[in-house]
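What follows is a set of notes on a single structure, which appears directly below.
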Amino acid sequence: MRLLFLHPLFLMSQQQPVHINKYDGTTAKITLDDQLIRFFGAEQRYKQVHTHEDVRLFLGYVSCAVAGIAFLNEYKSSFNEAKAFTLVCVVIFWLLQCVLWGYTTFVQKGVLFLGKDAKGVLTVKTTMKQYSPMYTVDLTYTAAHKTVQATVTKSISNWFDDQGVFADTLLDAFLAETLLSALTSLHAE
């Protein structure tokens with residue numbers, strides 16, 4: 001007998017609505033970004049490219065390993081004996097953190113979602129300024145040496161009600177409309 005409650009469609013239908021503090025812009029942006037990733041990955045069937053996440057994870061794990069090695073060295077020896085080694089580990093740790101910062105700032109450049117389909121590559125960036133309810137979605141689709149970009153800004157009040165309940169179907173419709181307009185303009189060229 002197959003357990004119905006483990007079926008993915010059943011789990012999706014049983015999700016509770018997302019409630020946030022509607023005055024917290026950071027939480028609103030994170031909620032919208034999570035839904036955006038789910039929309040393009042699951043509903044639009046773009047295969048997400050995890051290169052940026054992999055690089056950030058690698059640099060983070062190496063930084064933690066360096067900190068752990070410094071801790072173990074100091075634990076097994078005295079503080080005075082471990083000073084020089086700890087100093088080297090601290091310098092390596094901060095160099096790795098600077099590399100991580102440089103990667104996210106200059107290479108990743110705010111890319112939230114990078115996905116591929118059979119025809120091209122979709123890059124999605126989002127921004128939301130502090131103390132502003134305006135959420136900007138920047139889509140870039142590249143196919144066969146043609147690139148099209150669509151940038152749309154809307155207030156988050158379009159997707160959250162007065163109680164802070166998130167209406168994911170409204171955001172999905174907005175994202176589908178934005179993607180369709182971008183793809184239509186690509187094929188019109």
Side-chain angles (χ1 to χ4, degrees), residues 12 15-44 46-64 66-67 90-116 121-142 147-183 185-186:
M12 287 175 60
Q15 290 178 349
Q16 297 294 322
V18 177
H19 295 272
I20 67 162
N21 178 355
K22 63 182 181 175
Y23 301 110
D24 185 4
T26 303
T27 305
K29 184 177 184 322
I30 290 169
T31 302
L32 294 170
D33 288 350
D34 288 346
Q35 180 68 14
L36 185 141
I37 292 169
R38 186 207 55 79
F39 174 78
F40 286 115
E43 291 192 18
Q44 295 297 317
Y46 284 94
K47 181 168 175 24
Q48 187 171 3
V49 178
H50 296 283
T51 305
H52 295 310
E53 290 88 353
D54 293 342
V55 170
R56 289 188 348 244
L57 280 171
F58 175 76
L59 291 172
Y61 283 138
V62 171
S63 297
C64 288
V66 168
V90 167
V91 169
I92 291 171
F93 177 86
W94 285 108
L95 286 174
L96 286 168
Q97 293 305 302
C98 289
V99 169
L100 179 60
W101 172 82
Y103 182 82
T104 56
T105 304
F106 301 113
V107 177
Q108 188 176 359
K109 297 181 183 176
V111 172
L112 179 68
F113 181 84
L114 180 64
K116 292 183 178 183
V121 177
L122 175 69
T123 304
V124 182
K125 297 179 183 182
T126 62
T127 54
M128 188 170 154
K129 293 182 181 172
Q130 190 173 12
Y131 308 119
S132 172
M134 304 310 287
Y135 184 73
T136 303
V137 177
D138 182 23
L139 296 173
T140 306
Y141 188 82
T142 305
T147 300
V148 66
Q149 185 173 358
T151 302
V152 182
T153 302
K154 270 193 161 182
S155 173
I156 63 169
S157 64
N158 290 305
W159 307 301
F160 293 97
D161 68 9
D162 293 337
Q163 311 304 318
V165 177
F166 176 55
D168 58 345
T169 54
L170 296 175
L171 180 65
D172 289 353
F174 164 73
L175 293 172
E177 178 184 321
T178 305
L179 180 63
L180 182 63
S181 70
L183 294 176
S185 65
L186 176 72

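A side chain to side chain donor-acceptor pair (under 3.5 Å) with Arg38 is found for one member of Asp172, Asp168, Asp33 and no other, namely Asp172.
Under the 3.5 Å distance criterion, the side-chain polar atoms of Asp34 are left unmatched by any main-chain donor or acceptor of Thr31. Proximity of a side-chain donor or acceptor of Ser185 to a complementary backbone N or O of Ala182 within less than 3.5 Å is detected. The main-chain N or O of Asp162 is found under 3.5 Å from a side-chain atom of Lys22 such that the two form a donor-acceptor pair.
A heavy-atom distance below 4.5 Å is found between the side chains of His19 and Val165. Annotation: side chain of Leu100 is in contact with side chain of Gln97 (closest heavy-atom distance under 4.5 Å). Phe39 places none of its side-chain heavy atoms less than 4.5 Å from the side chain of Tyr46. Here the side chains of Ile20 and Phe166 are not in contact, with every heavy-atom distance at 4.5 Å or above. Using a 4.5 Å cut-off on side-chain heavy atoms (C-beta onward), His52 and Tyr103 make contact.
The heavy-atom pair separating Ser155 from Asn158 by the smallest distance is O-ND2, 2.9 Å. Tyr135 approaches Leu36 most closely through the heavy-atom pair OH-CD1, 4.0 Å. Across Ala28 and Met128, no two heavy atoms sit closer than the pair CB-CE, 4.5 Å. Closest approach of Lys109 to Thr105, counting heavy atoms only: CG-O, 3.6 Å. Closest of all the heavy-atom pairs between Phe113 and Ile37 is CE1-O, 4.1 Å. Taking each heavy atom of Leu171 and Leu32 in turn, the nearest pair found is CD2-CD2, 3.8 Å.
Going from atom OG1 of Thr26 over to atom CG of Asn21 covers 10.5 Å, rounded to the nearest 0.5 Å. Taking CG of Leu179 as the reference point, atom CD of Glu43 lies at 12.0 Å (rounded to 0.5 Å). Here the OG1-NZ distance, from Thr126 to Lys29, works out to 3.0 Å after rounding to the nearest 0.5 Å. Going from atom CG of Leu175 over to atom CD of Gln35 covers 8.0 Å, rounded to the nearest 0.5 Å. Atoms CE and OG1, from Met134 and Thr153 in turn, are 6.0 Å apart once rounded to the nearest 0.5 Å. For the atom pair Arg56 CZ and Gln108 CD, the distance stands at 4.5 Å (nearest 0.5 Å).
In this structure, Trp159 and Phe174 have tilted ring planes: the angle between them lies in the 30° to 60° band.
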inquiry  = Between Leu112 and Lys125, is the side chain to side chain contact (heavy atoms under 4.5 Å, CB included) condition met? List the steps.
reply    = CA-CA 5 Å; Leu112 179 68; Lys125 297 179 183 182; 5.9 Å; no

message = Between Thr51 and Leu114, does the side chain to side chain contact (heavy atoms under 4.5 Å, CB included) criterion hold? Intermediate values first, please.
response = CA-CA 9 Å; Thr51 305; Leu114 180 64; 5.7 Å; no

inquiry  = For a side chain to side chain contact (heavy atoms under 4.5 Å, CB included) check, start with the C-alpha distance between Leu122 and Gln44, then their side-chain angles and the critical distance, and finish with the verdict.
reply    = CA-CA 11 Å; Leu122 175 69; Gln44 295 297 317; over 6 Å; no

